[in-house]
Each structure stands twice: as structure tokens, then as C-alpha cells.
Amino acid sequence: MTNAAALLPLPGLLGFSPEEMTELVTSFGQPGFRAKQLVEWIFEKRAASFEAMTNLPKPLREALTKAAVVRTMTLTQVEGSADTTQKILLKLHDGRFVETVLIPASPALYGEKSDRLTLCVSSQVGCAYDCKFCASGLAGFTRNLSAAEIVEQVVQAEAHSGQRIDNIVFMGMGEPLANFSNLTRAIEVLNADWGIGIGARRMTVSTSGLAPQIKKLANIPLQIRLAISLHGASDEVRNQIMPVNQKYPLDELFEALSYWKQHHKQRLTFEYILIAGINDTLEQARSLVKRARSVEAKVNLIPYNTVEGLSWQRPDEAQQDAFLKVLSDAGIPATLRREKGHDIAAACGQLRLKHETGLGIIESPIPSKRITIGTPGT
Ligand code: SAH
């Protein structure tokens with residue numbers, strides 16, 4: 001097999017709809033009910049290979065092996081402990097890596113129901129959006145994840161933890177709305193009764209603010225939740241730290257959010273990292289009040305977690321409190337999380353690939369510079 005072929009994967013069944021499975025199975029001259037069995041093996045019984053699918057005829061299993069794959073990822077490393085945040089490193093078929101973060105509910109996040117598990121899922125390898133404070137984009141953009149790769153993060157995390165995932169947040173590496181069709185297919189599979197079966201209300205897509213895609217996502221008839229990584233309440237401040245704002249300035253973003261609101265009942269969330277001297281002034285807080293009020297959003301304030309290689313700092317606690325007070329005095333639902341590494345956005349926002357040495361990519365400390373050292377077999 002040539003390297004080019006090794007990098008072209010067979011399609012992953014975790015990203016298939018039942019209709020597509022039927023098409024595949026009938027293309028081998030097999031009756032349609034075999035597709036139903038296949039769906040059960042993949043999603044209900046969580047078979048990891050075609051060999052395990054013992055009630056499928058051997059010729060069908062052999063044909064499937066040549067046409068598609070069941071799993072494509074290898075769990076490579078786990079950081080953290082089961083009672084706190086666990087980062088799971090998954091190796092992809094092409095030697096790249098993604099991280100997915102398991103977050104047990106803390107009472108602060110989910111009230112009494114403390115056995116809830118949230119998974120923070122990645123949507124891309126790297127990120128092209130270049131938010132100045134974020135670790136994920138430091139090495140630039142590599143590629144989109146397929147729908148199957150997005151779903152497999154959940155399957156792998158459930159297998160690892162031995163528990164069902166209750167909530168999904170698309171707050172891992174990458175910009176989910178820049179991988180729109182794979183994202184929406186993954187959401188469909190994660191939500192479907194025949195699939196993973198997670199309620200739409202328990203899935204949150206987080207975006208840096210791709211206005212047209214927000215509207216497109218709003219048209220999908222599922223009550224998923226939306227979080228906006230706002231981090232600045234005026235164009236002047238937001239332009240400094242989020243280049244995406246030059247493409248979709250706040251007025252355009254908020255026009256898309258109003259559209260979203262017409263189709264969704266649940267509150268919008270604004271993620272707002274507090275960065276000292278950048279976006280933490282009380283004037284910004286007052287602008288944030290107006291912005292949040294205009295679309296009835298709640299605000300999650302997250303003191304910035306320092307990233308190696310970046311000079312941004314979190315403001316001191318007095319400044320954090322003063323910022324929060326402006327919001328609460330104005331009646332905006334707002335939270336401020338101090339627990340380091342425990343907050344969802346903070347835990348996920350620090351994802352950064354450091355592991356791509358095995359198959360030829362070494363992360364460079366200089367953003368978007370990569371050194372390729374050749375792949376095995378070349
Ligand atoms: N691209 C999407 C999905 C990534 S979500 C988005 O921007 O929403 C990851 C979240 O973590 C975002 O809200 C991001 O702004 C935040 N984040 C990034 N770096 C962080 C840091 N160092 N400390 C705290 N939060 C951070």
C-alpha cells in the first residue's frame with residue numbers, strides 16, 4: 001500500500017445514516033434487513049470490528065471490510081483522573097491526533113445531578129481561526145474531522161469511562177461551523193435513537209462567530225444549544241484578539257443570533273474569557289450587558305488560563321469580581337468560574353497538539369510552521 005492510499009481512509013460507518021447503510025448492504029446483493037443488523041452492531045452493541053458481527057454472513061462481512069471501517073482511532077494516552085477532568089488523546093488513521101475531554105459534572109455546573117458526564121469534542125485537527133489567546137490554533141489548521149471521527153470520540157470516551165456521556169459540547173479543538181456538513185451529520189448520529197441517543201438539548205455547539213453558518217445551523221430542526229466565544233463586546237476589542245471579527249463584525253454576528261433565537265427556545269451562552277488589560281474593563285462589561293440583553297444571552301466568564309508561548313494573563317480577582325458585578329447588577333445571568341482546569345471552555349480551550357511526532361509532524365513553537373520528518377514506509 002502506498003502512503004497516499006494509507007492516508008485515504010475507507011468511510012467510517014459511525015458517520016453513516018441507516019439509509020446509507022442500506023445502500024451499502026444492498027449494493028452487495030444482500031437484503032435490506034442486514035442493514036438493520038449492521039446499525040445495531042455499530043451503535044447498540046458497539047462492535048469494534050466486522051468480525052464481531054457474528055449474525056452477518058461471512059461474505060457480507062468480507063465485502064464490508066473492503067468498503068468501510070468500524071473504528072479508526074486508537075486511544076493513546078489519558079491525562080487526569082476519573083473524578084476530575086480527563087484528557088483523552090486519540091490517534092487518527094493518518095497519524096494525526098485529537099484530544100477529547102471528559103468532564104464529570106461538578107455541582108457548580110449541574111446542580112444536584114453530580115453523576116453527569118460531559119464530553120468536550122474536537123471538530124478539526126488544529127484550527128484556522130487564529131484567535132490570539134488560544135492554544136488550539138497555534139500550530140495552524142491541518143484538516144477537518146469526518147463525521148465518523150467526531151462520533152467516534154464519544155464511542156471511545158464511553159468505552160474508556162464505562163459510562164454513558166450525558167452532554168456533548170463542541171468546544172474541543174477546531175471551529176465546528178467551519179466543518180459544517182460533518183458536524184451536522186455527527187449531531188444527527190449522536191442524537192438519533194438508532195445512533196448514540198443523546199438529546200439535542202444536551203448538545204452545545206460553540207463557535208467563534210461564523211455568522212452565515214450560525215443561520216444555516218439554526219435551520220436544522222433540532223433544539224441544540226449554541227455558545228458564542230465572544231471575548232469582546234466591541235469591534236475594537238474583539239478585532240484585536242479574534243481575526244474572525246473582521247470578517248463577521250459584531251452587528252452581523254448579532255443579526256445571526258437574533259435569527260437563531262427565532263428558532264430556538266434555550267438561552268444562548270456567551271463565553272467570555274477575561275484577559276488582563278485587553279477585554280476586562282468595566283466599559284467592556286457595560287457593552288457586554290447591552291449585547292447580552294439584546295439576545296437574552298447568559299454569560300460565562302472564564303478567567304484566562306495561561307498558555308505556554310503566549311503572554312496573555314488573567315486579571316486579578318478583584319477585577320474579575322468587579323466585571324461580574326456589572327453584569328449581575330444589570331440582571332444578566334452570569335457565572336464566573338475560578339476552578340482551574342475544571343471549567344469546560346477552559347479545559348477544552350487549552351487543547352493543543354503536542355504529540356504528532358510519531359508519524360512525521362513536530363509541533364513548532366512558531367505558529368503555523370511545521371517540520372515534516374517523513375512518514376514510515378517512505
Ligand atoms: N472554535 C470554537 C470551539 C472551541 S471552544 C469556539 O471558538 O467557540 C473552546 C473555548 O475555549 C472557546 O470559548 C475559547 O475561546 C476558549 N479558550 C481558548 N483558549 C482559552 C484559554 N487559554 N483559557 C480559557 N479559555 C480558552
Side-chain angles (χ1 to χ4, degrees), residues 85 87 98-101 103 118-141 144-145 150 153 167-180 182-183 186 203-211 213-214 217 224-233 237-238 240-245 247-248 253 256-257 260 268-276 278-280 297-315 320 335-353 367:
T85 303
K87 277 191 195 183
V98 281
E99 283 170 308
T100 192
V101 185
I103 303 153
T118 296
L119 191 70
C120 173
V121 169
S122 292
S123 53
Q124 299 181 315
V125 183
C127 185
Y129 284 80
D130 198 24
C131 296
K132 299 303 173 196
F133 46 80
C134 182
S136 289
L138 276 180
F141 172 71
N144 280 330
L145 294 182
I150 296 174
Q153 293 171 61
N167 302 289
I168 305 274
V169 292
F170 290 91
M171 293 186 180
M173 182 171 285
E175 170 50 55
L177 294 187
N179 185 12
F180 195 86
N182 292 330
L183 170 79
M203 290 193 249
T204 303
V205 172
S206 180
T207 177
S208 58
L210 277 56
Q213 284 87 339
I214 288 172
L217 190 69
I224 54 171
R225 308 188 61 141
L226 184 66
I228 305 297
S229 294
L230 198 63
H231 312 325
V237 168
R238 205 166 186 259
Q240 275 181 52
I241 49 179
M242 299 181 73
V244 67
N245 196 69
K247 196 157 184 206
Y248 306 117
L253 172 60
L257 296 184
W260 176 273
L268 284 161
T269 302
F270 290 166
E271 308 285 346
Y272 198 100
I273 310 176
L274 290 167
I275 310 175
I278 302 291
N279 64 0
D280 63 339
K298 61 176 180 183
V299 178
N300 281 346
L301 296 176
I302 308 142
Y304 183 67
N305 275 313
T306 44
V307 171
E308 218 184 295
L310 299 178
S311 56
W312 313 98
Q313 296 293 330
R314 60 170 59 179
Q320 297 172 21
T335 53
L336 166 67
R337 302 202 200 290
R338 288 230 171 85
E339 273 170 293
K340 198 181 172 215
H342 218 94
D343 177 71
I344 290 174
C348 309
Q350 288 184 293
L351 295 185
R352 181 177 181 190
L353 297 180

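Each ligand, and each atom within it, is numbered from 1 in the order the structure gives. Just so you know, these numbers come straight off a predicted model, no measurement behind them. The figures that follow rest on heavy atoms only: side chains count, while hydrogens, waters and symmetry mates do not.
Heavy-atom proximity to Gly172, at under 4.0 Å, picks out these atoms of ligand 1: 4 (C). In the vicinity of Ser208, heavy-atom distances shorter than 4.0 Å reach the ligand 1 atoms 6 (C), 7 (O), 8 (O). For ligand 1, the atoms closer than 4.0 angstrom to any heavy atom of Val307 are 22 (N). Contact atoms of ligand 1 toward Tyr304: 21 (C), 22 (N), 23 (N) (distance under 4.0 Å to a heavy atom of the residue).
Among Ser229, Ser122, Gly174, the residue whose heavy atom sits closest to atom 3 (C) of ligand 1 is Gly174.
Take Phe170 and apply the ring-ring contact (aromatic ring centres under 6.0 Å, His included) test, not counting sequence neighbours, and it matches no residue. A search for ring-ring contact (aromatic ring centres under 6.0 Å, His included) contacts involving Tyr248 returns nothing, not counting sequence neighbours.
Between the side chains of Thr207 and Glu175, at least one donor-acceptor pair of N or O atoms lies under 3.5 Å.
Of all the heavy atoms in Lys132 and Leu310, the pair that sits closest is O-CD1, 3.7 Å. Across every non-hydrogen atom of Phe133 and His231, the tightest pair is CZ-CD2, 3.2 Å. Minimum heavy-atom separation, Thr204 to Ala227: CG2-CB, 3.8 Å. For Met173 against Val125, the heavy-atom pair with the smallest separation is SD-C, 4.2 Å.
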Ile103 and Cys120: CA distance, side-chain angles, deciding distance, side chain to side chain contact (heavy atoms under 4.5 Å, CB included) verdict:
CA-CA 8 Å; Ile103 303 153; Cys120 173; 4.2 Å; yes
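In this structure, Ser123 has no heavy atom closer than 4.0 Å to ligand 1. The closest approach between His231 and ligand 1 falls below 4.0 Å for a heavy atom of the residue.
Only the side chain of Ile273 comes within 4.0 Å of ligand 1, judged by heavy-atom distances. Here Ile228 has no heavy atoms under 4.0 Å from ligand 1, in either its backbone or its side chain.
For ligand 1, none of its N or O atoms has an N or O atom of Phe170 under 3.5 Å away. Polar contact check, Glu271 against ligand 1: no nitrogen or oxygen pair lies under 3.5 Å apart.
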